Asks: 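My questions will all concern the structure given below.
Reckoned from all heavy atoms, side chains included, excluding hydrogens, waters and symmetry mates. Here the structure is a predicted model, which means the values were calculated and not measured. First the proteins, then the strands, lettered A, B, ... as listed; each starts at 1.
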Amino acid sequence: MNPIDELLTRGVTQAIDQENLRRRAAAGAPLRIKLGIDPTGPLLHLGRAVPLLKLRAFQDLGHLPVIVIGDFTGRIGDASDKDAERRMLSREEVEANMAGYMAQIGRILDMDRVEVTYNSDWLGTMSFEEVAHLANHFSVAEMLDRDNFSKRFQEGKRISLREFLYPLMQGYDSVAVRADVELGGNDQLFNLLAGRTIQRAYGQPPQDVITFGMLEGTDGRKMSTTYGNIIAMADPPEEQFGRVMRLKDELIIPYFELTTRVELGRVTELRAALLSGMNPMEAKLVLAEEIVTLYHGLDQARTAREQFLKVFRQRELPDEIPEIQLPPGDRTIQALLAEAALAPSRSEAGRLVRGGGVKVDGHVVAEVTQTVCIGATPLLVQVGRRRIARIIGSHG
RNA sequence: GGGGGGGUUCCCGAGUGGUCAAAGGGGGCAGACUGUAAAUCUGUUGGCUGACGCCUUCGAGGGUUCGAAUCCUUCCCCCCCCA
């Protein structure tokens with residue numbers, strides 16, 4: 001598949017205007033490819049990687065990623081968010097957050113060829129008059145056409161006017177950065193199209209837009225920080241690897257397409273292999289290794305893979321077991337688990353023991369009241385298969 | 001401005017004086033099963049205690065009561081409809 005075709009189809013739900021995009025992407029003149037990033041959450045996750053990888057593909061073809069950090073839109077806050085108490089972030093705080101983001105984004109993009117902008121630069125100084133002019137380009141009926149608005153409207157649920165302003169702000173961003181193309185999840189379609197409308201109003205050629213399917217998270221819903229079902233770019237290698245392995249098998253191919261740079265040909269082969277009986281686990285191991293390699297490098301990925309196989313397939317102990325030092329002496333297993341932070345509370349520790357999930361030196365602990373002695377000899381404590389530590393006595 | 005409906009444990013949601021740490025579902029955690037998972041089944045899901053039990057929790061404060069998530073009151077917040 002040629003690069004342009006892949007650009008316009010891989011993981012893509014809609015490409016508008018497809019023909020225009022194809023022509024311009026191939027023409028050679030660098031296009032400005034816009035991607036908005038919300039600075040609120042502390043971590044970027046694999047869902048965010050989807051458009052970033054597409055940006056990278058554009059970058060490889062000589063186009064320029066333009067990242068719009070939504071420090072203004074983020075401050076206004078999403079009206080549907082119940083967490084109304086969320087405080088406004090200062091520009092400094094946003095910049096501090098973004099420094100962390102950039103390191104993560106740098107794993108995917110060549111940061112030497114990226115333009116980074118903050119939308120407070122133009123939205124923050126906009127007058128009410130300008131806002132009114134912007135608003136004039138949309139009718140109420142148009143707004144209510146939007147899927148999630150019409151649905152809520154019909155259900156008699158509240159729609160805040162502020163939500164109507166969102167597309168205007170995001171659309172004006174496109175004017176401000178003179179976007180040729182904007183990327184986003186398919187839940188963003190309306191906002192992306194608003195950009196076209198507003199650009200026309202400002203005498204700019206309308207941007208093309210590309211939308212993606214939503215990446216499913218670890219619990220079946222779309223991946224989102226608020227759902228807590230994310231795989232973070234910054235997760236340590238072992239954890240990232242394990243989380244990928246814990247995805248359900250049906251997600252293997254979508255994940256290959258959306259979250260890795262593995263060639264589509266290879267993905268197609270894997271799909272065929274899976275259909276004809278390949279053990280899904282093998283495919284998932286490849287997937288996990290690819291993902292970890294992207295964020296941590298090949299060596300770390302290999303190590304994570306070995307450890308995973310060791311712990312989960314061979315049921316052995318990992319090579320690296322964290323050591324926890326505690327004051328020496330006797331205590332109940334319940335007290336120990338809480339003290340070593342292997343359980344969040346003593347009550348929870350007690351439940352884990354009763355549920356048969358706790359082992360000391362390889363033996364299941366049967367009684368909550370069992371006493372263990374912390375001394376010079378390290379004690380191997382396991383809670384489930386994932387929480388393991390060696391506990392050793394130490395003064396101070 | 002008028003009328004109506006709400007705020008419950010991580011989430012959704014039941015509960016209208018004691019049998020409520022609070023149904024049910026989701027999610028989480030643990031166990032079984034699985035050469036990873038998913039699905040399924042089981043257990044568990046506020047804290048402290050070896051245990052009896054005790055403490056904190058049902059928007060916030062005050063009150064009634066032997067006893068309140070449930071009644072009264074003030075306040076805060078949210079939603080819908082009509083104007």
Asks: Above 12 or not: heavy atoms from other molecules or residues under 6.0 Å from CZ of Arg113(A)?
Replies: yes
Asks: On a whole-Å scale, what distance lies between the C1' atoms belonging to U19(B) and U70(B)?
Replies: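 Roughly 15 Å separates the two C1' atoms.
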Asks: Suppose we define a pair by two distances each less than 3.5 Å, Watson-Crick or G-U wobble; what does G1(B) pair with here?
Replies: C82(B)
Asks: Between protein and nucleotides 49-53 of chain B, what N or O pairs are separated by less than 3.5 Å?
Replies:
{"unit_1": "U49(B)", "atom_1": "OP1", "unit_2": "Arg346(A)", "atom_2": "NE", "d": "3.4"}
{"unit_1": "U49(B)", "atom_1": "OP1", "unit_2": "Arg346(A)", "atom_2": "NH1", "d": "2.5"}

Asks: Between A68(B) and G63(B), how many Å separate the two C1' atoms, rounded to a whole number?
Replies: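 Comparing C1' positions in A68(B) and G63(B) gives a spacing of 12 Å.
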Asks: Taking the same atom, P, in A83(B) and in C78(B), what whole-Å distance lies between them?
Replies: 23 Å
Asks: Could you measure between the two P atoms, the one in G59(B) and the one in G13(B), and give it in whole Å?
Replies: 14 Å
Asks: With side chain to side chain contact (heavy atoms under 4.5 Å, CB included) as the test, pick out the partner of Ile67(A) among Val177(A), Leu109(A), Ile33(A), Thr117(A).
Replies: Leu109(A)
Asks: Say you pick atom C1' in C52(B) and the same atom in A60(B); how far apart are they, in whole Å?
Replies: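 After rounding to an integer number of Å, I get 35 Å for this pair.
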Asks: When you compare U65(B) with C72(B), how far apart are their C1' atoms, in angstrom units rounded to a whole number?
Replies: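 Taking atom C1' in both U65(B) and C72(B), they lie 11 Å apart.
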Asks: Round to the nearest Å and state the distance from Arg351(A) atom CZ to G43(B) atom C1'.
Replies: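 Rounding to the nearest Å, CZ of Arg351(A) and C1' of G43(B) are 12 Å apart.
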Asks: Sort out the partner of G24(B) for me: Watson-Crick or G-U wobble, both distances under 3.5 Å, none otherwise.
Replies: C12(B)
Asks: So what's C54(B) paired with, Watson-Crick or G-U wobble, going by both distances under 3.5 Å?
Replies: G47(B)
Asks: Can you check whether Leu342(A)'s main-chain N or O pairs, donor with acceptor, with Arg387(A)'s side chain at less than 3.5 Å?
Replies: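 Yes, Arg387(A) side chain to Leu342(A) backbone: donor-acceptor pair under 3.5 Å.
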Asks: Look up atom CH2 in Trp122(A) and atom CE in Met169(A), then write down how far apart they are to the nearest 0.5 Å.
Replies: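 The CE atom of Met169(A) is 13.0 Å from CH2 of Trp122(A), to the nearest 0.5 Å.
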Asks: Looking at G35(B), which nucleotide sits across from it as a Watson-Crick or G-U wobble partner, both distances under 3.5 angstrom, or is there none?
Replies: none
Asks: Is the closest side-chain donor-acceptor distance between Asp71(A) and Ser120(A) under 3.5 Å?
Replies: yes
Asks: Any donor and acceptor pair, going by atom type alone, linking the side chain of Gln204(A) with main-chain N or O of Val175(A) inside 3.5 Å?
Replies: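 Between the backbone of Val175(A) and the side chain of Gln204(A) there is a qualifying donor-acceptor contact (under 3.5 Å).
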Asks: Using the C1' atom as the point on both nucleotides, what is the distance between U8(B) and U57(B), in whole Å?
Replies: 10 Å
Asks: Can you give me the N/O atom pairs linking the protein to nucleotides 25-28 of chain B at distances under 3.5 Å, or say none if there are none?
Replies:
none

Asks: Do Leu52(A) and Met233(A) have side-chain heavy atoms sitting under 4.5 Å apart?
Replies: yes
Asks: Can you check side chain to side chain contact (heavy atoms under 4.5 Å, CB included) on Arg271(A) and Glu257(A), steps first, answer last?
Replies: CA-CA 11 Å; Arg271(A) 190 203 308 267; Glu257(A) 283 179 8; 3.1 Å; yes
Asks: Whole angstroms only, please: what is the CG-C1' distance between Leu352(A) and G43(B)?
Replies: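 Rounded to the whole Å, the gap is 11 Å.
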Asks: Report, as a single string ordered 5' to 3', how protein heavy atoms within less than 4.0 Å touch nucleotides 36-42 of chain B: B base, S sugar-phosphate only, - not at all.
Replies: BBS----
Asks: Whether the side chain of Gln104(A) engages the backbone of Leu44(A) through a donor-acceptor N/O pair (distance < 3.5 Å, no angle test) should be reported.
Replies: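 Yes, because the side chain of Gln104(A) sits within donor-acceptor range (under 3.5 Å) of the backbone of Leu44(A).
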Asks: Any non-hydrogen side-chain atom of Arg196(A) less than 4.5 Å from a side-chain atom of Asp208(A)?
Replies: yes
Asks: Distance check needed: C48(B) C1' versus Glu339(A) CD, whole Å only.
Replies: 16 Å
Asks: Could you measure between the two C1' atoms, the one in A21(B) and the one in A14(B), and give it in whole Å?
Replies: 15 Å
Asks: Donor-acceptor check, side chain of Asp235(A) to backbone of Ala232(A), threshold 3.5 angstrom: yes or no?
Replies: yes
Asks: Are the side chains of Thr125(A) and Phe72(A) in contact, using a 4.5 Å heavy-atom criterion?
Replies: no
Asks: Applying a 3.5 Å limit to both distances, which nucleotide forms a Watson-Crick or G-U wobble pair with U19(B)?
Replies: none
